[in-house]
Amino acid sequence: MSGNSTYQPQSKVLQWFEKRLPIGGLIHSSFVAYPTPRNLNYWWTFGGILSFMLGVQIITGIVLAMHYTPHVDLAFKSVETIMRDVNYGWLLRYLHSNGASMFFIAVYIHMFRGMYYGSYKEPREVLWILGVIIYLLMMATGFLGYTLPWGQMSFWGATVITNFFSAIPGVGEAVVTWLWGGFAIGNPTLNRFYSLHYLLPFVIAGVVILHVWALHVSGQNNPAGIEPKSDRDTVPFTPYATVKDGFFMAVFCIMFAWFIFYAPNYLGHADNYIPANPAVTPAHIVPEWYYLPFYAILRAIPDKLLGVVAMFASILILAFLPWLDTSRVKSARYRPLFKQFFWLFFAVCIGLGWLGAKPAEGIYVVLSRILTFYYFAHFIIVLPLLGIFEKTKPLPNSISESVLGSKA
Ligand code: HEM
């Protein structure tokens, strides 16, 4: 679906190069001439913001790695040295730690946008599944990174997460020992987590390339949820989408900067400023905010193995969304009932997030069970049935008609 490139380099040297490796033409057809639906709103700027944030995380991470020491006796101290003695080390670290949170804010907006406008439906199923794989990789990377400062939450978070695997029947204990690289969490654990934390962002970058490739094959969805039919329905990616993406990226960066300069530790946990101590368990072990809904699902179920299964299932079920949602209409704009259930589902996710931060006792457990039930019911019961029984609104004849009305 990439625009037909008429790209011709100006200089003789570039023409020589282009003949041998037509990279200029590829960039031109993908990011300049590429036909973009004319009705995209600001929710479509988050893919660009995510690409930018991936770049920020990789660059700040590489520089942090130049000063960080992956050893249980030195890791905590090396992070304090970065904060106090390395020139602008505090800025680098706050960019990276708050950057992780911003990355997740952006990815959640990007995913809910996809769910609202039905962007996972035919012909974008593979694009969506690649997104789910990126999301899983992001969660693993975030977890591994959080262990590196070797504070109390690093250590105890690593303990809780690695212990999930002990629930595997029969071989659970052996798997955990293998993951740890010993009989307890120790230096080999920290070293392998560091190695993987450095590696995974590049794997993510690779999957993002496939994601954007798949996007360019199917073309972008849009708020009307109907495919472009003629040139009147699209505009060239540059300048229209580039300028819009750039503007919103700047707005996003203002929020990012606000956290870095005014509330750099707001999204973290105070206990991670205490060095890891295997002999002292913190009163409440809480993961980073972006894992909280899944943590609530884990703890809602009394059986350890079933809890772990439910937690992983709550993410994996996303991959089946293109087939669970049976409606032929994509956008919630033309699906009045779906729109209400979408917002209910959104509220349930926020509710689960809130519950994940509460102690697993009394009313909180009861509420977690109800919301966990609804979370799965949304995918397994509500979406398949809505597709059959919902009366959708009439779709516009074309994207330009949805923008301009009958004038189109
Ligand atoms: C590092 C993370 C990611 C990056 C850099 C990224 C990048 C992009 C870009 C550049 C676009 C096109 C612009 C836009 O629609 O906003 C896009 C579209 C899309 N992404 Fe992602 N993405 C990421 C993660 C995800 C995840 C986690 C999912 C879902 C689970 C996802 C699902 C989609 C879908 C369905 C579209 C097509 C949207 C449409 O055309 O309506 N992406 N992505």
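Small disclaimer: the values here were computed from a predicted structure and weren't measured. Atoms within each ligand, like the ligands themselves, are counted from 1 in listed order. Residue numbers run from 1 in the order of the sequence given.
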Worksheet item: Which N/O/S atom belongs to His110 and is the closest one to atom 21 (Fe) of ligand 1?
Response: NE2
Judged by non-hydrogen atoms, does [X] sit under 4.0 Å from ligand 1?
X	answer
Tyr120	no
Leu318	no
Leu215	yes
Tyr117	no
Gly131	yes
Arg113	yes

Worksheet item: Does the ring centre of Tyr375 sit less than 6.0 Å away from the ring centre of Phe379?
Response: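 Aromatic pair counts; centres sit under 6.0 Å.
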Could you check whether any side-chain N or O of [X] sits under 3.5 Å from a backbone N or O of [Y], counting only pairs where one atom can act as donor and the other as acceptor?
X	Y	result
Trp128	Leu318	yes
Asn98	Pro264	yes
Asp271	Pro282	no
Glu18	Gly24	yes
Arg20	Trp16	yes

Discussion item. Phe143 vs Phe193, test: ring pair (Phe, Tyr, Trp, His ring centres under 6.0 Å). Steps then yes/no.
Written reply: CA-CA 9 Å; Phe143 157 70; Phe193 281 15; 5.6 Å; yes
Can you list the atoms of ligand 1 that are under 4.0 Å from a heavy atom of [X]?
X	result
Ser51	5 (C)
Val208	1 (C), 5 (C)
Tyr135	27 (C)
Trp128	29 (C), 35 (C)
Ser119	35 (C), 38 (C), 39 (C), 41 (O)
Phe103	1 (C)

Is it the side chain, the backbone, both or neither of [X] that has a heavy atom closer than 4.0 Å to ligand 1?
X	result
Val132	both
Asn222	neither
Leu127	side chain

Give me the nearest non-hydrogen protein atom to [atom] as residue plus atom name, then the distance to 0.1 Å.
atom	answer
atom 2 (C) of ligand 1	Ile134 CG2, 3.4 Å
atom 14 (C) of ligand 1	Trp44 O, 3.4 Å
atom 40 (O) of ligand 1	Asn221 N, 2.8 Å
atom 9 (C) of ligand 1	Gly47 CA, 3.4 Å

Would you call the rings of [X] and [Y] parallel, tilted or perpendicular if under 30° counts as parallel and over 60° as perpendicular?
X	Y	result
Tyr116	Trp343	tilted
Phe46	Phe252	perpendicular
Tyr108	Tyr135	perpendicular

Practice prompt. Give a yes-or-no answer on whether the side chains of Ser166 and Lys304 include a donor-acceptor pair shorter than 3.5 Å.
Written response: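 Looking only at side-chain atoms, Lys304 and Ser166 do form a donor-acceptor pair, the distance falling under 3.5 Å.
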Worksheet item: Among Ile204, Leu136, Leu54, Leu50, which one has a heavy atom closest to atom 5 (C) of ligand 1?
Response: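 The nearest heavy atom belongs to Leu50.
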Fill in: Nearest candidate to atom 13 (C) of ligand 1, where distance is taken over non-hydrogen atoms, out of Met139, Gln220, His211, Lys330
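Considering heavy atoms of Met139, Gln220, His211, Lys330, the nearest to atom 13 (C) of ligand 1 sits in Gln220.
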Worksheet item: Considering the options His211, Arg124, Glu125, which one meets the side-chain contact (heavy atoms from CB on, under 4.5 Å) requirement together with Leu130?
Response: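 Exactly one pass, corresponding to His211.
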Worksheet entry | From CA spacing to verdict: ring pair (Phe, Tyr, Trp, His ring centres under 6.0 Å), Tyr68, Tyr194 | CA-CA 10 Å; Tyr68 170 78; Tyr194 176 55; 5.2 Å; yes
